[in-house]
Structures are given as C-alpha cells and as structure tokens.
Amino acid sequence: SNQTPKLALSDPNPPDRQGARSSMNVRRSAMAASAFRLPPSLCALLLVGMFAEGRQTTAPHNFTSGPEVVATLQRLQELPRAWRPRALRSLVHLANTEGGLAGGLTTPAYKLGIVELFKSSRWGQAAVFEVGSHKGHITSILSVLFGLVFASEIEFQLALDTSAGPLRRSPNVVHLSMDGSRPYGLSMLAANRNIRAAVIDGAHDERNVFLDTFRILHDIPCCTEVIVYHDYCDEVVYKTIQRFVEAGLLAFRHGLGVDPGTFWWCRGGRAEGGVFDVLRRDGPFFRRNLWALFCRHILKAPIVPGAQAGGHLNGSLWWVPEQGLMISLELPPAKVSVRTAWGDYMHFDIGYASFVGHAGGATHPRWGATALTVEVKDDVGGLGPSCANLVLDSECTGFTVAVTEHALGAGGACTKMAKLVQLNGVVQWVAMRVNHGISLLQDIHERSTSFDGDAQAITLGLVGR
C-alpha cells in the first residue's frame, strides 16, 4: 500500500478489547514493515501513539540522558519522512523517560503546532536556525522534520549536556554555544542559501528579541521564509516583533500553541507562540528597510544626510592598538584629538570632523546597506582639502583611517595630520570603539576565570568519552 497506516485512534480502547488491539498493532507493524521494507521495531514506534494520546503524562522539564529518548529520535530519523509528523504527534504527550518528547518550557500544543507547521517533506531538504535551544526539547522535534538544525544556546553547559544527551546520535544537529546578538553575530552563515526557517525562544527583553530577529534576517541575507516565536503572548516580545511588521518586513500568519496563552506573563489574549512570514518580495527594498530599522532602534541614529549623521558619535572614544593611540571623535566646533596610550605622553588635535554621511557601497553589502564616511580637515568650515578619510563599519564598532596626500607633503594644508604621520610613520590605521571592547573583555574573563568544578569530568564530556 502507498498510504500511511493510521497511527493513532481518538477513542481509547475498552479494557475488553485491549488484547485484540495489541494483536492488531502487531499485524499493522508487520504489514508496514513488509510494504516499506522497514524493521518491525521502527514501525512499532509509529503505533506508540495509540497508547500515548489516550492519556496525559506529567513529564519533568529535563530530558533524560538515558537511552529512551536517544533511541526514539534515532528511530524517528530512520522513518520515511511522510510518516514522521504523525509519529511526532503521538510522542509529544509521552514522558521522555518512556521514550516520548514531552517536557520543557513549551506546551504540548506548541510542540504539535511546530509539527503541523513543518510537516511537509520539503522541509526535510532545508535547514532551520534555532535561537535558544535550552535543553533540546524543540531541537529534537526539528531534527526529525528538517534536514539540518543549527541549535544555538548562549549557555555552554546547556549546549554540552544536550549534545551529549538526547541528541547525541542526531547527526543533523549542529550545536552552537554563542551569543548571536553581538555585532555581525551570524555573519559566518551569510553564504548559506538553505536556512529556510527560524525558531526563536531566546531572552525576552526588547534588545535581544530585536537583535535575534535582525541577525536572522540581515546576517543571513537569503532565504529565510518563516520565523516562529515562542512567548509571543509576552508584551515586550509582541511589541518588538511589531516593529518589523510595521516596517513591512514580517507578516503575522497565525498563533501557535495554547491560545490564548496561559503563562503568567501573557497579555492581550495572544497565543503562546506566533508564526510570521518573511516578506522578501523586493530584495533591495527589504534590505534597506531592515537596515533603516536597525539604525533607528539599535544605533539610535536614523539615516540622515551630511553632518547630522554623526551626532550619536560625538564624544566617542576609539582605540588604535597597533600604534598605541586613543582618538576622541568630536563634532565642530570641537576638534578630533589624539593622545598616546603608552610611551611618552602626547595629546594634540588632528583637525575637524566633517561627516559626509551614509554611503552605499562604501563597504561590502554583506555587512550593511550603508556605512558612515568622515573627512578630517584642518579648517572648521570644512572648505579645505581632506587630510584623512575615515570609513566606519556599518554597525559603528570601528573605522579605518587613510591619510591623504595633503598630509604627506612638507608645508602642505594638513599640518596637524602631518604631525601624527611623522610621529609613527603610518598612513593607514584601524581603530576600535572602546565600548565595543566590553564583549572581548567578557570573553577573556570567561576563559581566564578560575574553575572549581570537576575538570576531568568536563574534559571527558568534551571529548565524548
């Protein structure tokens, strides 16, 4: 037969028919095994829902690290894709200690919604990016429905425990311990064209919800079609997503899970989760609108022409590590000043900043639709020649300085910049905004902080023994 056998019945069997039911299950397993050339044990897995859907099981929040769930996932991934959604539906109510997929911080209704949304076999040829994989409950379901799952989790121990636990035999799950909200956090995936969906359940504050969404849509330029949010009923999550909706970047399709949501943080009668379509009808327009939204809400600097574009950078401090310099970027009538970070102390100005404005094509479009460009001039009116050109990266974490020929000749129009060139003999240098060094310091602190756990056990967990 080419039809998938019925896997679950809506009515529980009366006690006097339980024996007949068991015999029927055995016959169905044997028939399916013959038709699809599958081991009877795999086909029997499909029939577990006959017993599971008839009862509710209270499951712990943690996946067991024993063999039950590992075996379940392994068998599910060996089934024909057309059979997998029905088998998953049967398992979301069953405790993980019994080989089921219940538990975690999402409801069974939400899990069933994920299965229904991605039940088409076409998702089996696609990849999905999950933000906030936590202990792997949703990751496990995605691993059965998608060809590849990028499961990101900021807490390393959670990612390690999940990869060594229920998902340890799932070859299509890539565990990422990372903070995707950092500048260009997902840019390493920019060349991928098969990440078709995203499931977001990260931190629920405004900044993180915004950046989790932005990174998916911007850092991976192609080709996400749908984004699923958990805790859509949360007021902050909802309002942040609405910014993308109002900008014409996302469109609400339908709610997901318990509707209306019953968690204490739910408001407005909204569902537990939400499904949104990505509106990529016009690629360049989409990128421009997305970038303008980022500039307004994260950089706090709307894309405006000329000198107004640099207002948010007035008084900012920049470090030039190779040359040991600190630069204070001031707007006229104040001057751009430089001081040495080590060695003989010197403090002098190098001219006035003249913001040219946002320019498209100044940097690779992978990083952003526009980049700020600045000219440093000797005169406050900005009428003289440019002594140096500054190009900031799109997210304003640093800039590259190129000294012009006017600052190189003796007795030229750029005497102040010429003084800096004479100091270190360098005509091009790279600066980093000081406040963006915080994340680097956090990384260093984490890698150099004393550890009072069981180092041997952790090492064994890392090497997989």
Side-chain angles (χ1 to χ4, degrees), residues 61 104-107 109-111 113-114 117 128-135 137-139 142 151-155 158 176 178-186 197-220 224 226-279 286 289-302 312 395 435-436 438-439 442:
H61 285 314
L105 302 175
T106 57
T107 66
Y110 180 83
K111 294 181 176 72
I114 291 286
L117 180 64
V128 59
F129 194 96
E130 183 186 15
V131 178
S133 58
H134 197 56
K135 295 182 179 179
H137 295 86
I138 297 300
T139 314
L142 297 175
S152 69
E153 171 56 50
I154 192 170
E155 295 292 340
L158 281 175
L176 305 170
M178 61 183 294
D179 180 2
S181 67
R182 291 184 178 184
Y184 314 102
L186 298 182
V199 178
I200 298 178
D201 190 10
H204 295 339
D205 61 280
E206 179 182 357
R207 179 178 177 83
N208 276 287
V209 174
F210 186 98
L211 287 174
D212 286 341
T213 305
F214 176 79
R215 295 292 167 218
I216 292 291
L217 298 177
H218 180 270
D219 292 6
I220 312 174
T224 308
V226 60
I227 298 179
V228 179
Y229 296 89
H230 189 243
D231 291 325
Y232 175 62
C233 59
D234 179 270
E235 191 70 14
V236 174
V237 173
Y238 165 74
K239 288 183 176 179
T240 306
I241 298 170
Q242 281 301 110
R243 292 180 173 178
F244 293 87
V245 174
E246 293 165 0
L249 303 169
L250 297 178
F252 178 74
R253 186 193 298 185
H254 58 71
L256 204 66
V258 176
D259 191 0
T262 56
F263 298 117
W264 65 264
W265 54 83
C266 290
R267 300 287 186 276
R270 291 181 295 274
E272 174 186 0
V275 180
F276 288 80
D277 293 306
V278 181
L279 305 179
F286 182 91
N289 261 16
L290 180 61
W291 184 247
L293 189 67
F294 175 83
C295 289
R296 286 198 304 273
H297 293 291
I298 299 299
L299 297 184
K300 308 299 182 184
H312 66 295
E395 297 193 23
N435 63 355
H436 279 284
I438 294 174
S439 62
Q442 290 172 337

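Quick caveat, the model's predicted, so the values are computed rather than measured.
Judged purely by distance below 3.5 Å, without hydrogens or angles, the side chains of His134 and Glu153 never pair a donor atom with an acceptor atom. Counting only N and O atoms by type, the side chains of His204 and Asp234 include no donor and acceptor under 3.5 Å apart.
The backbone N or O of Ala247 lies less than 3.5 Å from a partner atom in the side chain of Asn289, making a donor-acceptor pair. Looking at Lys135, its side chain never comes within 3.5 Å of a backbone N or O of Gly104 through a donor-acceptor pair. Without hydrogens or angle criteria, Thr224 side chain to Ala197 main chain gives no donor-acceptor distance under 3.5 Å. Counting only distance, with no hydrogens or angles, the side chain of Asp219 and the backbone of Gly185 share a donor-acceptor pair below 3.5 Å.
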Apply side chain to side chain contact (heavy atoms under 4.5 Å, CB included) to the pair Phe210 and Leu293, showing each step before the final yes or no. CA-CA 10 Å; Phe210 186 98; Leu293 189 67; 3.9 Å; yes
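Counting heavy atoms from C-beta outward, Leu217 and Phe244 have side chains that approach closer than 4.5 Å. Within the 4.5 Å cutoff, the side chain of Val131 has no heavy atoms near those of the Val199 side chain. Ile138 has its side chain within reach of Tyr110: a pair of non-hydrogen atoms, C-beta onward, lies under 4.5 Å apart.
Between the OG1 atom in Thr213 and the CD1 atom in Ile200 there is a gap of 4.0 Å [rounded to 0.5 Å].
Both tests pass for Arg270 against the ring of Tyr238: distance under 6.0 Å to the centre and angle within 45° of the axis.
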